[in-house]
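Start at 1 with the first residue, then count along the sequence. Atoms within a ligand are numbered from 1 in the order they appear, just like the ligands themselves.
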Amino acid sequence: MAAKQTRRIQKVTKAVFPVAGMGTRFLPATKSIPKEILTLVDRPLIQYAIDEARAAGIKEFIFVTSRGKSALEDYFDHSPELESTLRRAGKDALLEILRETNMDSGAIAYVRQNRPMGLGHAVWCARRLIGDEPFAVLLPDDVIAAEKPCLQQMVEAYAQTGGNIVAAMEVPLAKTASYGVLDVAQDMGSIVSVKGMVEKPKAGTEPSNLAVIGRYILSPKVMLNLDKLKPGAGGEIQLTDAIAQEAEIPGNVFGYRFRGQRYDCGSKAGFLQATVAFALSRPDLRDEFSTYLNDMVAMQKAAQ
Ligand code: G1P
């Protein structure tokens, strides 16, 4: 790693948000609403990912979308009628909340993935907008509550490592089959150097229990790898496989054990857990909601 510290590391200003998935786990809601618009308390999932990217210094936001996602595009646009109604009514606090959702013209770009061919393929769809720069990838399903936003932690780690860095978290061995899993070359604490990666390993073949969570900082070389990649796990083009090719070069791929609580909002249970946790962390809801939860648990216990 020491050799890497001397080389100039290019700033990461572009991020890719793969949002083309059909969200079948949330049907029937996702019949007409993109999954990324489902709300945790009062903010859509995608807003959490955008805020995290902004905090990490991202200036260009690239959404890989598909048919039926126009509500997402509208969400980031100005809403002149709503804004002028609120202004006339003197509702400044609400206006401020709305303003946080506006994106500058030209800061946001949409590319379409016209066939669902996997996460790697979705990221590859953004290749022309990424060009020859390092870039971040954020999977909005993975919501991470942290004092310092996860991607910001990773940008700081990347300033030391360069190369490629993926967010990582220990999971129970029985759960590794749901993730990309790291083959660790050297464990240095919060940073590990990686010599291989396996997407959704079969039980008993997992190289470790250190799983990839949906935050990545990648070199543009990964796009070139994706160009030539054959389908992997599940018959899909896997981002993990394109990064694994980079891991063949020692000291080129790192895992980063972030500080924070990750919620798998791609699953109903994870989404509900995040909803409860975020509601309890809100000063305007905390008291009422925790009283309700306590009463509910007490009632359930009494009924048993
Ligand atoms: C994707 C990635 C996987 C990663 C996971 C994290 O899988 O392919 O490597 O571990 O996100 O959430 P998915 O959840 O889309 O199946």
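If you number the atoms of ligand 1 from 1 as listed, the ones under 4.0 Å from a heavy atom of Thr240 come out as 9 (O). Taking every heavy atom of Gly180 and a limit of under 4.0 angstrom, the matching atoms of ligand 1 come to 3 (C), 4 (C), 9 (O), 10 (O). Atoms of ligand 1 found under 4.0 Å from any heavy atom of Arg262, numbered from 1 in the order shown, are 12 (O). Distances below 4.0 Å separate heavy atoms of Asp142 from the following atoms of ligand 1: 6 (C), 12 (O). Near Leu119, the atoms of ligand 1 lying under 4.0 angstrom from a non-hydrogen atom of the residue are 2 (C), 8 (O).
From Asn164, atom CG reaches atom OH of Tyr216 across 12.0 Å, with rounding to the nearest 0.5 Å.
In terms of protein heavy atoms, atom 2 (C) of ligand 1 is closest to Glu199 OE2, 3.7 Å. Atom 5 (C) of ligand 1 has as its closest protein heavy atom Val212 O, 4.0 Å. Distance from atom 15 (O) of ligand 1 to its nearest protein heavy atom, with residue and atom name: Lys200 NZ, 4.7 Å.
Between Glu156 and Lys148 there is a salt bridge, with a side-chain nitrogen of the basic residue lying less than 4.0 Å from a carboxylate oxygen of the acidic one.
Using a 3.5 Å distance cut-off with no hydrogens or angles, the side chains of Gln47 and Asp51 do pair a donor with an acceptor.
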Start with the C-alpha gap between Lys11 and Glu133, add the side-chain angles, then the distance that decides, and say whether salt bridge (charged side-chain N to carboxylate O under 4.0 Å, His left out) holds. CA-CA 9 Å; Lys11 241 179 140 192; Glu133 287 182 42; over 6 Å; no

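Exactly one residue among Tyr158, Phe135, Phe254 makes a side-chain contact (heavy atoms from CB on, under 4.5 Å) with Ile217. That residue is Tyr158.
Arg43 forms a cation-pi arrangement with Tyr48, by the criterion of a distance under 6.0 Å to the ring centre and an angle within 45° of the ring axis.
Ring pair Tyr263/Phe278 is perpendicular by interplanar angle, where above 60° counts as perpendicular and below 30° as parallel.
There is a protein heavy atom closer than 4.0 angstrom to atom 11 (O) of ligand 1.
Of all the heavy atoms of Leu139, the ones lying under 4.0 Å from any atom of ligand 1 belong exclusively to the side chain.
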